[in-house]
Amino acid sequence: MQELVKFEFYRIHNCGYYKYNNPKPKYGSIEEILSDIQKWGQPKSIIKTKLYEPVNDRLPVYLFKSIPSKTSKDWLLVMWNEVPSTNSKVASIVGSSTVANPTVVLNSVRSGSIPGFPTYFWFIPEKNMFASIKFRNRTNTGQGAMRAYIEAALERISSFVHKDPNSGEILGYAPPNAQPEKLYPKFRTFRAQKSAEMDKIINNASRIGKVYFKDTLKLTQTIDKEWWQTGLRKIGLGDSYENKRTQDVKMKYEFIPKLLTKKDVKSMIKEWKNLKQNGWNDYGFSMIGDSNSILWLSKSLIKADADLDVIWQNSEIVEPYSLLEQLNLHRDTILNKILKNEKSLYN
């Protein structure tokens, strides 16, 4: 059945094994790690495909499918995202109950099953990018969990991992028959952005009247020191900003900067793109005399949609192989639509 499917596009900035302070990988590529994940996961039960334990507010994910295209070098990666459960029960709230007297019920989870939901990612190695795929009213793309999974795969299960045969300790990274080296596995992405909106900010650098920071900081979350100090230096406030917060608080800072140049703004955009997408780092800009119109970097992301013939296995699962066939069929149309709007400040 044909329905509207939405895509959010990302560039792959790092993928592979790196020497310290070297921007180019010594080994590895996105095609190789996706292939390694497929080969490693194929014979396993789902429960054994977890690659990291819960950390902070990030729950584990499991491999659902990793499928190569038959007509291109593309891949479809499907993850299963675990949701919290208590004693094999998942909590839900009765929608008709009142705020004054809410009713929470615990729904049983079948023994041996993992409560959760799927997320879908379309990898396009030829373009060094991927897209998160959203169906119907689903809003959670599971992007952060997927990135953590691929980085854990690079670190622990790829064909480049050399382990001590007795202890299982990781000795280093290299192709299978080569001497292991001290290298650093990395998977970093940044969001593809509309060139027109980026150009608008850059070309009006001298007219920027305010610079904004905003987001919700979680309990004991550490603020990225380089990110904030770089931003504060740009607007003339120095390096004294405290880089810890010990309570949940929504914040929106407004600063009146010194005169910014195009080079300054390009540098700020590039630094923002270089950082991990941790859910709180965002720059906004408004022009002198127009403080009501804020140009947020996160709002310039490249998105697309397409009508695809989607086959639902049930109310939750889209059949992966038919989805990949639809992506192959509509590939050129979708990519032509988005690539003309995208620019990389690394080129």
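In this structure, the separation between CD1 on Ile201 and CH2 on Trp296 is 11.0 Å, given to the nearest 0.5 Å. To the nearest 0.5 Å, atom CD of residue Gln143 and atom CZ of residue Arg147 are 4.5 Å apart. For the atom pair Lys39 NZ and Leu34 CG, the distance stands at 11.5 Å (nearest 0.5 Å). Taking CD of Gln326 as the start and CG of Asp309 as the end, the distance is 4.5 Å to the nearest 0.5 Å. How far CD1 of Ile288 is from NZ of Lys210: 11.5 Å, rounded to the nearest 0.5 Å. Note: Phe123 CZ to Ile33 CD1 = 10.5 Å, rounded to the nearest 0.5 Å.
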*Kindly determine whether Ser92 and Val104 satisfy side chain to side chain contact (heavy atoms under 4.5 Å, CB included), including the steps that lead there.*
CA-CA 6 Å; Ser92 61; Val104 175; over 6 Å; no
_Under the criterion side chain to side chain contact (heavy atoms under 4.5 Å, CB included), I'd like the reasoning laid out for Leu260 against Val211: C-alpha separation, chi angles, the key distance, then a yes or no._
CA-CA 10 Å; Leu260 294 176; Val211 177; 4.1 Å; yes
*asked:* Go through it in stages, so that I can follow the logic: the residues are Tyr62 and Glu82, the test is side chain to side chain contact (heavy atoms under 4.5 Å, CB included), and I'd like the CA-CA distance, side-chain angles, deciding distance and then a yes or no.
replied: CA-CA 8 Å; Tyr62 303 83; Glu82 186 174 353; 2.8 Å; yes
*asked:* Working note: Leu76 + Val78, criterion side chain to side chain contact (heavy atoms under 4.5 Å, CB included); need CA distance, chi angles, decisive distance, verdict.
replied: CA-CA 7 Å; Leu76 179 67; Val78 187; 4.0 Å; yes
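Under the 3.5 Å distance criterion, the side-chain polar atoms of Ser293 are left unmatched by any main-chain donor or acceptor of Asp290. In this structure a side-chain-to-backbone donor-acceptor pair under 3.5 Å is missing from Asn14 to Lys186. Although no hydrogens or angles enter the test, the distance criterion places a donor-acceptor pair under 3.5 Å between the side chain of Arg156 and the main chain of Leu51. With hydrogens and angles disregarded, a donor-acceptor distance shorter than 3.5 Å links the side chain of Ser97 to the backbone of Thr103. In this structure, the side chain of Asn204 does not engage the main chain of Arg207 through any donor-acceptor pair within 3.5 Å. Counting only distance, with no hydrogens or angles, the side chain of Asn81 and the backbone of Pro118 share no donor-acceptor pair below 3.5 Å. Judged by distance alone, with hydrogens and angles left aside, the side-chain atoms of His162 form a donor-acceptor pair with the main-chain N or O of Ala174 at under 3.5 Å. Under a 3.5 Å cut-off, the side chain of Tyr20 and the backbone N or O of Leu183 do not form any donor-acceptor pair. Put simply, the side chain of Ser69 never gets that close to the backbone of Asp74: no donor and acceptor are under 3.5 Å apart.
Under the 4.0 Å criterion applied to side-chain N and carboxylate O atoms, Glu181 and Lys26 are assigned as salt-bridge partners. In this structure, Glu126 does not pair ionically with Lys73, as no charged nitrogen and carboxylate oxygen lie closer than 4.0 Å. Looking at Glu151 and Arg188, a side-chain N of the basic residue comes within less than 4.0 Å of a carboxylate O on the acidic one, giving a salt bridge. Using a 4.0 Å cut-off between charged nitrogen and carboxylate oxygen, Glu169 and Lys163 do not count as a salt-bridge pair.
For the pair Trp75/Gln38, a side-chain contact is recorded, criterion being any heavy-atom separation below 4.5 Å from C-beta on. Contact of the Val318 side chain with the Ile311 side chain is not registered, since no non-hydrogen atoms from C-beta on lie closer than 4.5 Å. Side-chain contact between Tyr149 and Leu77 is absent, with no heavy atoms from C-beta onward closer than 4.5 Å. At a threshold of 4.5 Å between non-hydrogen side-chain atoms, the residues Gln313 and Pro320 count as touching. In this structure the side chain of Met198 reaches within 4.5 angstrom of the side chain of Ile269, judged on heavy atoms. The side-chain heavy atoms of Ile12 and Met129, taken from C-beta on, include no pair separated by under 4.5 Å.
Heavy-atom minimum distance, Leu327 versus Phe7: CD2-CE2, 3.6 Å. The heavy-atom pair separating Ile334 from Phe9 by the smallest distance is CG2-CZ, 3.8 Å. Of all heavy-atom pairs between Leu63 and Thr49, the closest is N-OG1, 3.0 Å. Closest approach of Thr119 to Gly142, counting heavy atoms only: CG2-N, 3.8 Å. Across every non-hydrogen atom of Phe160 and Pro175, the tightest pair is CD2-N, 3.6 Å. Of all the heavy atoms in Lys303 and Ile338, the pair that sits closest is O-CG2, 4.1 Å.
Ile170 and Ile37 fall within a single hydrophobic cluster, where Ile, Leu, Val, Met, Phe, Trp and Tyr side chains are chained together by heavy-atom contacts under 4.5 Å. A continuous path of Ile, Leu, Val, Met, Phe, Trp and Tyr side chains, each step under 4.5 Å between heavy atoms, connects Trp80 with Phe135, placing both in one hydrophobic cluster. Linking ILVMFWY residues whenever their side-chain heavy atoms come closer than 4.5 Å, directly or via other members, places Ile124 and Tyr321 in the same cluster. The cluster map of Ile, Leu, Val, Met, Phe, Trp and Tyr, joined by side-chain heavy atoms under 4.5 Å apart, puts Met146 and Ile157 in the same cluster. Grouping the Ile, Leu, Val, Met, Phe, Trp and Tyr side chains by contacts below 4.5 angstrom, directly or via other members, places Ile150 apart from Tyr18.
Counting non-hydrogen atoms of neighbouring residues, nucleotides and ligands closer than 6.0 angstrom, the NZ atom of Lys200 reaches no more than 12 such neighbours. At most 12 non-hydrogen atoms from other residues, nucleotides or ligands lie less than 6.0 angstrom from NZ of Lys127.
Relative to the six-membered ring of Trp312, Arg136 meets both conditions, a distance below 6.0 Å and an angle of at most 45° to the axis.
For an aromatic pair to be called close, the ring centres must be under 6.0 Å apart, and Phe255 with Tyr212 fails this. Centroid-to-centroid, the aromatic rings of Trp122 and Phe130 stay 6.0 Å apart or farther.
When each of Tyr173, Tyr27, Phe187 is tested with Tyr17 by the rule ring pair (Phe, Tyr, Trp, His ring centres under 6.0 Å), just one qualifies, namely Tyr173.
For the residue pair Ser108/Lys89, the side-chain donor-acceptor check at 3.5 Å is satisfied. Using a 3.5 Å distance cut-off with no hydrogens or angles, the side chains of Asp264 and Ser267 do not pair a donor with an acceptor. There is no side-chain donor-acceptor pair under 3.5 Å between Ser35 and Glu32. Neither side chain, Ser132 nor Tyr10, offers a donor N or O lying under 3.5 Å from an acceptor on the other. Side chains of Ser322 and Glu325: no donor on one and acceptor on the other come within 3.5 Å.
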